[in-house]
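Here's the structure we're looking at; comments come further down.
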2 protein chains.
Amino acid sequence: MSSSELKNAGLKATLPRIKILEIMQKNRAGHMRAEEVYQALRDEGEDVGLATVYRVLTQFEDAGLVIRHHFEGGHAVFELDEGHHHDHLVCVKSGNVIEFTDPIIEERQKAIAKEHGFKMTDHTLVIYGVSAEYQKPED
Amino acid sequence: MSSSELKNAGLKATLPRIKILEIMQKNRAGHMRAEEVYQALRDEGEDVGLATVYRVLTQFEDAGLVIRHHFEGGHAVFELDEGHHHDHLVCVKSGNVIEFTDPIIEERQKAIAKEHGFKMTDHTLVIYGVSAEYQKPED
DNA sequence: ATGTATGCAAAACATTTGCACCTGG
DNA sequence: CCAGGTGCAAATGTTTTGCATACAT
């Protein structure tokens, strides 16, 4: 249940937090913007302010429950942190996203951070391309 | 000279464009925010508006002269496009950026795209971390 | 109870745009 | 000269914050 996950994370189990966590869990596949989470709440008839959505998502991020990504477009997107890091393969035609991890790349990233004296906190790798079904011969 | 580079790119060689290009070339090492470019102009006594800096940087991006990155922090940074791809190591404390390329990672990315039937068009890898000089012992 | 969380509105940023004026070719 | 470029200010879009009220423990 969501409320115990929240308490585990050191957060009081308030209604907005429970609802927002549930929405993130329901939308496990997608990366949501704060505004989209807010809309999803309203669609469920919940009266939660946008400011609260931002506050809660930030708390979730601090608690390690979600990851905030800064893709292009001047806004952040959030996804549930399911514990295992992954990278993204994005189809520029369809917008489809495939997740993957590659042990060799992970290894090299660690080595590179170390070489430069960095204590790595995070890393993101996005490969943009055209997926098989969208490759038209005439393109 | 900057003005011929601009004409090559199909842009009229106006004073703001020339100055902004020169600033980007002088700061070849760094990734600059629009605000920083604007400050650099003012430091040189040039009377260029911030809106123009944004407009010119966007034109430069369209013309392939600069690359716009969306790292953390809710703002974009721009760097000269020198034609060769590279990845980034970003210090989350200072905002410093180090560029690198790793042949093994490049190779793996190609392989992964291929495995998934993707025709790769682009890729970005950012490693976030704390650089040596910002690592406090007690942390 | 009581300290924390929330909602609302306003503020704070980053970026874009409308419009009258200026400038490069 | 004249289309396109620029400066300024106002508009936009996103995220944060101040403050009085509501809520979880």
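Within every chain, numbering begins at 1; the chains are lettered A, B, ... in the order of the sequence lines, protein sequences first and strands thereafter.
No side-chain donor-acceptor contact under 3.5 Å links B/Arg17 and B/Ser3. Donor-acceptor pairing under 3.5 Å is lacking for the side chains of A/Gln39 and A/Glu44. In summary, the side chains of B/His86 and B/Glu79 do present a donor paired with an acceptor at a separation below 3.5 Å, with no hydrogens or angles considered. Between A/His75 and A/Glu35, the side chains place no donor N or O within less than 3.5 Å of an acceptor N or O (distance only, hydrogens not considered).
Within the structure, every side-chain polar atom (N or O) of A/Tyr54 is placed at least 4.0 Å from both OP1 and OP2 of D/dT16.
Contact between A/Pro16 and A/Thr52 at its shortest, heavy atoms only, is CB-CG2, 3.9 Å. Taking every heavy atom of both residues into account, A/Ile23 and A/Ala40 meet most closely at CD1-CB, 3.8 Å.
Per the geometry, OH belonging to A/Tyr38 stands 14 Å off P belonging to D/dT14, to the nearest Å. We find that NZ of B/Lys19 is positioned 17 Å from C1' of D/dG5, with the value rounded to whole Å. Across the protein-nucleic acid pair, B/Arg42 atom CZ and D/dG7 atom C1' stand 12 Å apart, rounded to whole Å. Atom CD in A/Glu46 sits roughly 13 Å away from atom P in D/dC23 (whole-Å rounding). At whole-Å resolution of the value, CD in B/Gln59 and P in C/dT15 are 16 Å apart. Straight-line distance from the CZ atom of B/Phe71 to the P atom of C/dA14: 17 Å, rounded to whole Å. We find that CG of A/Leu50 is positioned 14 Å from P of D/dG13, with the value rounded to whole Å. A/Leu57 has its CG atom 11 Å from the C1' atom of D/dT15, to the nearest Å.
Looking at the side chain of B/Arg17, the nearest of the listed nucleotides D/dT6, C/dT6, C/dC8 is D/dT6. Out of C/dC8, D/dA9, C/dA14, the shortest distance to the side chain of B/Ala51 is found at D/dA9. For A/Ala76, counting side-chain heavy atoms from C-beta on, the closest listed nucleotide (D/dT15, D/dT17, C/dT6) is D/dT15.
Closest-nucleotide positions on DNA chain C for B/Thr58 and A/Pro16 were compared, and the one nearer the 5' end corresponds to A/Pro16.
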message = Does the protein touch nucleotides 19-25 of chain C at the base, only the backbone, or not at all? Give it as B, S and - per nucleotide, heavy atoms under 4.0 Å.
response = -----SS
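Residues A/Glu106 and A/His123 are in side-chain contact: their nearest non-hydrogen atoms beyond the backbone lie under 4.5 Å apart.
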